[in-house]
Amino acid sequence: RRRSAGSQGAGPPGSMLLADTSHLQSAVRKAEIERQYSHLLLYLDRLSAITSQAVLVAGFSIVGLSADSLQALGGDADPGSESSADLCTQVYVLLTASATALSIWVVWTSLHTSNKAEQLALEGHQGSVAHASAAIVRQSRTITRVHTVALTLVGMSLGVLSWVFVDHATTFLLCAVIACVSLHAAWFMHRTTLLFDGRLANRRAARGR
């Protein structure tokens with residue numbers, strides 16, 4: 001009788017094993033959800049930073065399209081160079097207006113993507129955080145590319161301004177400096193990507209062999 005009472009008080013070993021397994025699975029699922037949520041917050045912060053930059057670019061571009069800026073482009077032109085001044089003004093307006101439109105697009109889509117991702121993650125059904133994280137990663141790639149194009153157009157519009165107000169030799173020098181800096185930035189970002197992916201160390205190891 002004592003043995004039977006003791007075995008009943010301790011419970012069957014199978015139920016204890018099932019309880020431990022269920023507890024472990026719950027802990028693993030909780031850790032995975034926290035990891036996915038941290039990943040989601042990382043991209044939300046990234047979109048917020050891009051949105052702030054796009055707002056600054058749009059404001060800068062809108063100021064560049066003011067009446068004073070456009071009048072300064074064609075106001076000091078010589079009679080023989082009016083056609084060249086008009087062409088530069090048209091190119092400048094086209095580049096600046098395109099940069100403004102793309103920056104506004106970035107602001108709208110970034111805010112919309114962030115709101116949808118947060119809404120989906122807070123719904124609470126299984127896999128919602130993972131779905132929101134995957135969706136925001138996919139959308140942020142396109143938003144980043146459009147933002148890069150807008151920044152490039154702003155740089156080109158500055159080149160047009162320097163062409164109008166500065167002598168051509170200085171303009172070519174400035175464009176060469178901007179091109180060198182841009183190429184170095186692209187090369188540096190490529191090496192940074194290889195470094196974080198671990199491929200740079202693998203290449204160095206292969207060269208050492």
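If you're wondering where the values come from, they're calculated on a predicted model, not measured in any experiment.
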Check: Is the backbone N or O of Leu94 less than 3.5 Å from a side-chain atom of Ser98, with the two atoms forming a donor-acceptor pair by type?
Finding: yes
Next item on the list: Looking only at non-hydrogen atoms, find the nearest pair between Val57 and Ser103 and report the distance.
Entry: CG1-OG, 3.2 Å
Notebook entry, point to check: Are any side-chain N or O atoms of Thr109 and backbone N or O atoms of Val106, one a donor and one an acceptor, separated by less than 3.5 Å?
Noted result: yes
Item checked: Nearest-0.5 Å distance, CG of residue Leu195 to CZ of residue Phe188 -> 9.0 Å
Note to self: Nearest 0.5 angstrom please: Ser110 OG to Arg46 CZ, how far?
What the structure shows: 10.5 Å
Next item on the list: Could you name each residue pair satisfying side-chain hydrogen bond (donor to acceptor under 3.5 Å, both in side chains) that touches residues 144-155, not counting sequence neighbours?
Entry: Gln53-His147
Check: Can you hop from Val149 to Trp105 via hydrophobic side chains spaced under 4.5 Å?
Finding: yes
Notebook entry, point to check: Just how far is it from atom CD1 of Ile143 to atom CZ of Arg138, taken to the nearest 0.5 Å?
Noted result: 12.0 Å
Next item on the list: List the steps, then state whether side-chain contact (heavy atoms from CB on, under 4.5 Å) holds for His39 with Val137.
Entry: CA-CA 9 Å; His39 192 254; Val137 168; 3.5 Å; yes
Check: Under a 4.5 Å side-chain heavy-atom rule over Ile, Leu, Val, Met, Phe, Trp and Tyr, are Leu153 and Leu87 clustered together?
Finding: yes
Note to self: Please give me the minimum heavy-atom distance between Thr96 and Ser61, naming the atom from each residue.
What the structure shows: CG2-O, 3.2 Å
Notebook entry, point to check: Can you name the nearest heavy-atom pair linking Val107 to Ala54, along with the distance?
Noted result: CG2-CB, 3.7 Å
Checklist line | Non-neighbouring partners of Phe172 that pass ring pair (Phe, Tyr, Trp, His ring centres under 6.0 Å), sequence neighbours left out | finding: Trp163
Next item on the list: Say whether Leu56 and Val146 are linked into one hydrophobic cluster, either directly or through other cluster members, by side-chain heavy-atom distances under 4.5 angstrom.
Entry: no
Checklist line | For Leu44 against Ala117, the heavy-atom pair lying closest together | finding: CD2-CB, 4.4 Å
Checklist line | Trp108 CH2 to Thr113 OG1 distance, which is reported to the nearest 0.5 Å | finding: 14.0 Å
Check: If two hydrophobic side chains count as joined below 4.5 Å and joins carry through other members, does Leu40 share a cluster with Leu42?
Finding: no
Next item on the list: Would you give the length of the straight line joining atom CG of Leu111 to atom CG of Leu47, rounded to the nearest 0.5 angstrom?
Entry: 9.0 Å
Check: Is there a ring-ring contact (aromatic ring centres under 6.0 Å, His included) between His190 and Trp187 once you walk through the steps?
Finding: CA-CA 5 Å; His190 177 67; Trp187 172 82; 9.0 Å; no
Check: How close do Ala99 and Ala150 get, heavy atom to heavy atom, and via which atoms?
Finding: CB-O, 3.8 Å
Check: Linking I/L/V/M/F/W/Y whenever any side-chain heavy atoms sit under 4.5 Å apart, do Leu102 and Phe60 land together?
Finding: yes
Next item on the list: Please answer whether the main-chain N or O of Val154 pairs with a side-chain N or O of Ser157 as donor and acceptor at a distance below 3.5 Å.
Entry: yes
